[in-house]
**Student:** 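Could you have a look at this structure, given as structure tokens, before my questions?
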Amino acid sequence: MTAVFGALWVPCLVLTLLGLAFLIAELFLPGFGVSGISGVLCLIAVCVIQFMTATPLVACLVTGVLAIVLIVMVVLFIRSLKGGALFRSPIVLKDRIEAEAVKPSSGSLEHLIGKTGTALTPLRPSGIALIEGQRYSVETQATFTEKGSTVTVLKVDGTKITVE
């Protein structure tokens with residue numbers, strides 16, 4: 001093995017496995033990329049060690065294989081975001097606000113003050129509520145309200161409806 005992969009083939013193998021583990025962890029850990037950056041740095045270290053200790057042909061082959069592995073991981077990550085295992089992870093927000101438009105009101109909405117309704121979408125803090133049989137775009141006072149909760153209109157400012 002030393003003749004083919006260079007004198008430091010064991011550290012290269014360890015760094016490769018560590019780098020792949022960091023990259024896989026990046027898929028499931030919330031954060032801003034510390035484990036992903038660490039994984040890429042481990043794989044770059046493997047390439048550098050290979051170019052320093054192995055033959056150029058072997059170093060190029062190892063670098064090519066690692067590049068293919070990185071590309072496959074990026075493709076899997078992108079596919080996972082669109083509905084795969086990462087999408088089913090509890091750290092990914094899956095709730096969607098319906099795309100149906102709310103009819104703009106032609107008159108004053110002051111008559112809604114004190115009325116109760118039901119949240120048709122999660123209010124984070126804005127969303128859509130059904131009040132007196134009509135859909136309205138509403139917002140809460142910086143609180144999150146789950147879909148289906150009862151809401152009460154506190155104030156109306158133009159077309160802005162604040163609920164509790």
Side-chain angles (χ1 to χ4, degrees), residues 1-104 117-130 135-151 159-163:
M1 294 289 271
T2 303
V4 176
F5 292 108
L8 298 175
W9 70 273
V10 173
C12 285
L13 181 62
V14 171
L15 280 173
T16 301
L17 295 176
L18 190 63
L20 293 176
F22 276 136
L23 290 174
I24 291 170
E26 177 69 23
L27 292 176
F28 298 102
L29 293 176
F32 52 89
V34 173
S35 60
I37 292 169
S38 299
V40 170
L41 288 176
C42 286
L43 296 179
I44 289 172
V46 169
C47 295
V48 170
I49 291 171
Q50 284 297 308
F51 276 106
M52 290 174 49
T53 61
T55 63
L57 176 63
V58 171
C60 288
L61 287 174
V62 169
T63 302
V65 168
L66 290 178
I68 290 170
V69 167
L70 280 175
I71 290 169
V72 167
M73 291 195 73
V74 167
V75 168
L76 290 175
F77 177 73
I78 291 171
R79 285 188 67 214
S80 182
L81 283 177
K82 293 182 180 179
L86 182 62
F87 183 76
R88 290 188 298 270
S89 170
I91 64 171
V92 176
L93 179 64
K94 292 172 267 308
D95 294 337
R96 296 182 183 183
I97 295 178
E98 297 172 11
E100 299 174 13
V102 176
K103 294 181 210 170
T118 305
L120 295 179
T121 63
L123 305 180
R124 296 189 176 150
S126 63
I128 298 173
L130 185 66
R135 292 170 56 98
Y136 293 99
S137 179
V138 299
E139 63 181 52
T140 63
Q141 295 179 325
T143 59
F144 296 123
T145 304
E146 293 299 320
K147 177 180 178 180
S149 300
T150 302
V151 295
T159 60
K160 179 180 172 185
I161 302 171
T162 305
V163 297

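The first residue of the sequence shown is numbered 1, and numbering continues consecutively from there.
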**Student:** Can you tell me how far the CZ atom of R124 sits from the OG1 atom of T143, to the nearest 0.5 Å?
**Tutor:**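 Here the interatomic distance stands at 12.0 Å.
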
**Student:** Do you know the tightest heavy-atom contact between C42 and L18?
**Tutor:**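 Here C42 and L18 meet closest at SG-CD2, 4.1 Å.
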
**Student:** Taking atom CG of L120 and atom OG of S137, what is their separation to the nearest 0.5 Å?
**Tutor:**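 Here the rounded value is 11.5 Å.
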
**Student:** Just wondering, do V138 and V151 contact through their side chains at under 4.5 Å, heavy atoms?
**Tutor:**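 Answer no - side chains too far apart.
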
**Student:** Give the minimum heavy-atom separation between F144 and P125, together with the two atoms involved.
**Tutor:**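 Answer, listing the atom of F144 first, then P125: CE2-N, 4.2 Å.
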
**Student:** Rounded to the nearest 0.5 Å, how far does CD of E139 lie from OG1 of T162?
**Tutor:**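 Reported to 0.5 Å precision, the distance equals 5.0 Å.
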
**Student:** Quick one: does T118's side chain have a donor or acceptor within less than 3.5 Å of a partner on L130's backbone?
**Tutor:**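 No; zero donor-acceptor contacts below 3.5 Å.
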
**Student:** For the atom pair CG (L123) and CD (Q141), what is the distance rounded to the nearest 0.5 Å?
**Tutor:**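 Between atom CG of L123 and atom CD of Q141 there are 12.5 Å.
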
**Student:** On a heavy-atom basis, which atom in C12 and which in Q50 lie closest, and how many Å separate them?
**Tutor:**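 Of all heavy-atom pairs spanning C12 and Q50, the closest is SG-NE2, 3.3 Å.
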
**Student:** Closest heavy-atom contact between A25 and S35?
**Tutor:**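 Result for this residue pair: C-OG, 4.1 Å.
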
**Student:** Is any side-chain heavy atom of L23 closer than 4.5 Å to one of V69?
**Tutor:**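 Side chain of V69 against side chain of L23, heavy atoms only: no contact under 4.5 Å found.
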
**Student:** Any side-chain heavy-atom pair from T16 and V62 closer than 4.5 angstrom?
**Tutor:**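 They are not in contact (no side-chain heavy atoms under 4.5 Å apart), so the answer is no.
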
**Student:** Once you round to the nearest 0.5 Å, how far does CD of E146 lie from OG1 of T121?
**Tutor:**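 The distance works out to 10.5 Å.
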
**Student:** Under 4.5 Å between any side-chain heavy atoms of L41 and F22, yes or no?
**Tutor:**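 Sidechains of F22 and L41: no contact.
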
**Student:** Say you draw a straight line from OG1 of T63 to CG of L43; how long is it, rounded to the nearest 0.5 Å?
**Tutor:**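 T63 atom OG1 to L43 atom CG measures 10.0 Å (nearest 0.5 Å).
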
